[in-house]
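Scroll down for the structure; my scribbles are underneath it.
FYI, side chains are in, hydrogens and waters are out, and symmetry mates aren't considered; it's all heavy atoms of this structure. Below, read A as the first sequence line, B as the second, and so on, with proteins coming before strands; counting in each chain starts at 1. Not measured: the values here are computed from a predicted model.
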There are 2 protein chains.
Amino acid sequence: MSESHTFNIGLCGFGTVGQGVWKHLTSHRAELEARLGATLNLARASVRDLKKKRAVKVPARVLTDDPLSIANDPSIHIVCELMGGTTLARQVTLAALRRGAVVVSANKALICEHGPEIIAAAQKHGGHFFFEASVAGGIPIIKALREGLVANRFPRIYGILNGTCNYILTQMEDQDAPYAAVLAEAKRLGYAEADESLDVDGWDTAHKASVLAWLAHGVWVKTDQMIVEGISRITPADFKNAATLGFGIKLLAIISRDFAKNELSVRVHPTLLPEGNVVANVSGVFNAISVTGDVVGTTFYSGRGAGQDATASAVISDIADAASLLTHGKGGHLLGEVTTPNANGCRLAPPESIRSRYYLRLTVRDEPGVLARVASVMAKLKVSIASVIQSPADEPGAASLVLTTHESNERAMSATLKQLRALSAVLDDPLLLRIGDFE
Amino acid sequence: MSESHTFNIGLCGFGTVGQGVWKHLTSHRAELEARLGATLNLARASVRDLKKKRAVKVPARVLTDDPLSIANDPSIHIVCELMGGTTLARQVTLAALRRGAVVVSANKALICEHGPEIIAAAQKHGGHFFFEASVAGGIPIIKALREGLVANRFPRIYGILNGTCNYILTQMEDQDAPYAAVLAEAKRLGYAEADESLDVDGWDTAHKASVLAWLAHGVWVKTDQMIVEGISRITPADFKNAATLGFGIKLLAIISRDFAKNELSVRVHPTLLPEGNVVANVSGVFNAISVTGDVVGTTFYSGRGAGQDATASAVISDIADAASLLTHGKGGHLLGEVTTPNANGCRLAPPESIRSRYYLRLTVRDEPGVLARVASVMAKLKVSIASVIQSPADEPGAASLVLTTHESNERAMSATLKQLRALSAVLDDPLLLRIGDFE
């Protein structure tokens with residue numbers, strides 16, 4: 001290259017991910033700079049507490065406790081927002097974009113909540129927004145959807161996007177251990193946050209599903225427009241029942257598009273997957289994504305979805321893309337803030353369009369005639385029963401009734417749940433899981 | 001976008017892949033053009049026989065039987081070389097690059113044989129060379145290695161890169177059928193070429209391994225610098241023996257780099273993989289690649305590795321990248337013809353550095369003392385035996401002797417084979433397979 005460029009990088013947030021970016025960018029600098037034909041200068045980093053000791057040492061002069069001062073610093077070309085949260089992070093992101101800088105973000109919650117505002121700010125002011133690290137950590141799934149599979153429309157994308165939930169589910173299955181015990185152990189090991197609800201109730205997965213749905217379909221779907229259900233009501237008995245039926249249980253994000261009807265559905269819930277399904281076989285903290293394109297067929301991706309190193313790998317790839325963009329001019333589909341046009345007229349699928357087979361676990365009074373009453377409710381709602389497993393429940397005088405259905409839909413199952421809850425013989429809130437008949 | 005660009009695309013070769021590109025580019029044109037902010041014009045296509053009927057109809061005026069006329073046509077911005085072969089394809093590729101055009105290639109044999117010349121021509125004349133379709137069909141593995149995982153060095157990359165071989169091996173295992181019968185059936189179904197040697201002897205996989213090794217390590221490794229062994233000597237009995245030992249058998253490309261010693265090894269051979277290994281569980285015509293990066297850890301990719309649609313998906317993604325490049329200026333690491341600097345001083349690993357456990361199948365005379373003689377040869381060469389399975393062989397008076405070793409190396413095993421061949425009790429050329437103890 002004839003010209004030489006130096007790009008100043010500011011890290012807003014210098015916790016686990018920020019320190020990982022600093023560490024690996026420093027150790028791989030020679031290769032990266034040679035590839036890019038540019039110099040990467042780690043210029044500034046913001047922390048909450050200037051006095052705290054950190055594993056990764058940086059010169060005191062680069063540190064600040066004011067991330068907005070980095071976002072607004074005209075000498076910083078690439079602003080990495082690695083703080084998390086949606087208030088200050090939003091201010092930092094918008095401030096940097098408004099002065100035409102590149103923002104690299106790992107913040108799926110921010111994108112899900114404020115994506116349209118962020119993209120509009122980038123487009124209006126000539127800034128650029130990169131977010132490979134926001135979904136599935138080190139797996140380059142954003143780039144795959146946006147660039148590698150650009151020839152495709154996507155009838156279905158689904159996968160495991162939260163390593164904490166997958167770790168908990170894997171442990172429950174392997175150790176035959178109840179949810180609460182495994183969660184407590186996961187907290188002790190640092191695999192789950194002190195406040196676990198963002199992970200286990202499915203919200204983190206929903207944020208990521210929103211990002212993928214936007215990339216694949218050009219539509220912003222908010223979490224309150226999705227079915228979002230977590231894993232906390234699953235029991236070891238559900239894993240046993242599922243195994244008897246030939247399934248495993250995974251918390252999935254599922255993004256389905258019916259191109260004939262032009263309907264999109266985005267949902268997050270525990271799903272029974274056939275034992276041979278490749279996603280069903282991804283264990284522990286790993287993430288996995290199955291992407292079906294109308295041209296390429298089904299492709300599959302897996303790897304570490306979180307953690308210092310995997311996330312740093314994704315942030316650094318965005319920094320490299322940013323450096324390339326800044327060297328060579330404004331980016332197009334590769335690097336810019338695209339929306340896809342096939343969103344035209346696309347609507348969210350109504351409940352009766354969301355179809356699957358279902359798994360239903362009821363705790364019922366252990367007396368004759370209960371199955372008949374349950375079956376009668378379902379028959380009236382035209383929900384057809386495929387299999388029944390009856391077994392003793394933990395409580396005396398109660399039985400566990402596990403039913404699977406033939407294909408039905410969310411509207412019918414919602415009505416079914418409502419009527420079953422009203423039966424005096426049904427003792428607990430029924431647990432409804434979907435069966436994923438995916439390739 | 002304020003400016004509007006039109007890019008003329010020429011397809012050199014209009015067989016299966018060329019027609020797939022035309023078909024899908026035509027049907028997805030609206031979305032692609034909106035994403036790219038550019039018009040994609042399928043301007044010309046070259047065929048061998050102008051009179052042949054084709055499934056995909058194109059206007060007669062776009063057809064030519066002279067691919068060089070497309071390569072040399074100054075109005076064609078993006079030349080797709082989809083002919084295969086290494087003679088005319090090389091001329092077409094070099095001609096287009098020398099006039100500064102973008103060449104999109106699916107031709108792994110050409111890249112493996114003439115890569116340095118092609119890259120040099122691109123660099124000298126300002127042309128650009130894209131080759132996503134050359135390895136693993138629709139799986140965006142080239143982009144993943146070059147861009148998505150740019151933060152990483154790669155201690156190990158391995159995978160299934162030839163769908164024909166994987167189909168044959170899967171059928172042999174599932175149907176307990178001999179190689180020759182499965183190959184004949186694969187030819188009948190169109191899964192194998194009339195001349196199968198490029199696939200089954202490992203050369204196609206070796207070409208792809210060369211491309212991946214260059215991307216990951218910046219070193220051109222020719223097939224005569226690799227261990228390349230095919231699948232034709234594997235028998236149904238080998239699958240049974242492997243299963244007894246807890247393994248499946250896959251034809252793998254394995255690219256290993258020892259960064260401490262600065263040694264690289266590239267090899268292609270049937271490999272025993274532990275049954276739980278995710279690559280071991282990829283069946284039929286699918287491809288699968290495991291990429292271990294020093295930052296991201298191990299990531300995994302699978303999908304269709306060949307065929308009209310999967311290959312077209314990859315070619316179209318390169319066309320999209322090319323359009324973006326041409327719209328926004330000369331590309332850097334994303335789109336250009338990079339070599340990586342960490343090749344400095346890297347040497348090919350000598351045989352004693354290539355270490356693994358081994359599986360050895362001998363057909364021996366069925367008489368006392370044979371195992372002792374075999375074991376004595378191996379002991380002298382310091383190859384330690386881990387397990388032995390003796391069973392009757394097909395021939396009368398013969399026995400099958402299957403040994404696995406503890407970790408050894410290529411030099412020791414090469415000497416072992418030589419000495420075993422010289423034993424009068426050893427009736428056939430021994431079959432040596434490597435065991436892949438990969439995560």
Chain B shares the most heavy-atom pairs under 4.5 Å, among Asp309(A), Ile316(A), Leu149(A), with Asp309(A)

Relative to chain B, which of Gly303(A), Ser302(A), Ala310(A) shows the most heavy atom pairs under 4.5 Å? Ser302(A)

Plane angle bin for [Y] and [X] - parallel if under 30°, tilted between 30 and 60°, otherwise perpendicular:
X         : Y         : value
Trp214(B) : Phe131(B) : tilted
Tyr158(A) : Phe438(A) : tilted
His217(B) : Phe259(B) : tilted

Under a 4.5 Å heavy-atom cutoff, which of Val315(B), Asp318(B), Val295(B), Ile319(B) has the most pairs with chain A? Val295(B)

Residue from Asp294(B), Ile139(B), Asn281(B), Leu25(B) scoring the most non-hydrogen pairs under 4.5 Å with chain A is Asp294(B)

Taking only Lys NZ, Arg NE, NH1 and NH2, and the carboxylate oxygens of Asp or Glu, determine whether Lys143(A) and Asp321(A) approach each other closer than 4.0 Å. yes

Val150(A) and Ser317(B) have their tightest heavy-atom pair at CG1-CA, 3.7 Å

Test applied, side-chain contact (heavy atoms from CB on, under 4.5 Å); reference residue, Val291(B); option that passes from Leu212(B), Ile157(B), Ile255(B), Val296(B): Ile157(B)

Given that the side chain runs from C-beta out, which part of [X] has a heavy atom under 4.5 Å from chain B: side chain, backbone, both or neither?
X         : result
Ser27(A)  : backbone
Thr298(A) : backbone
His28(A)  : both

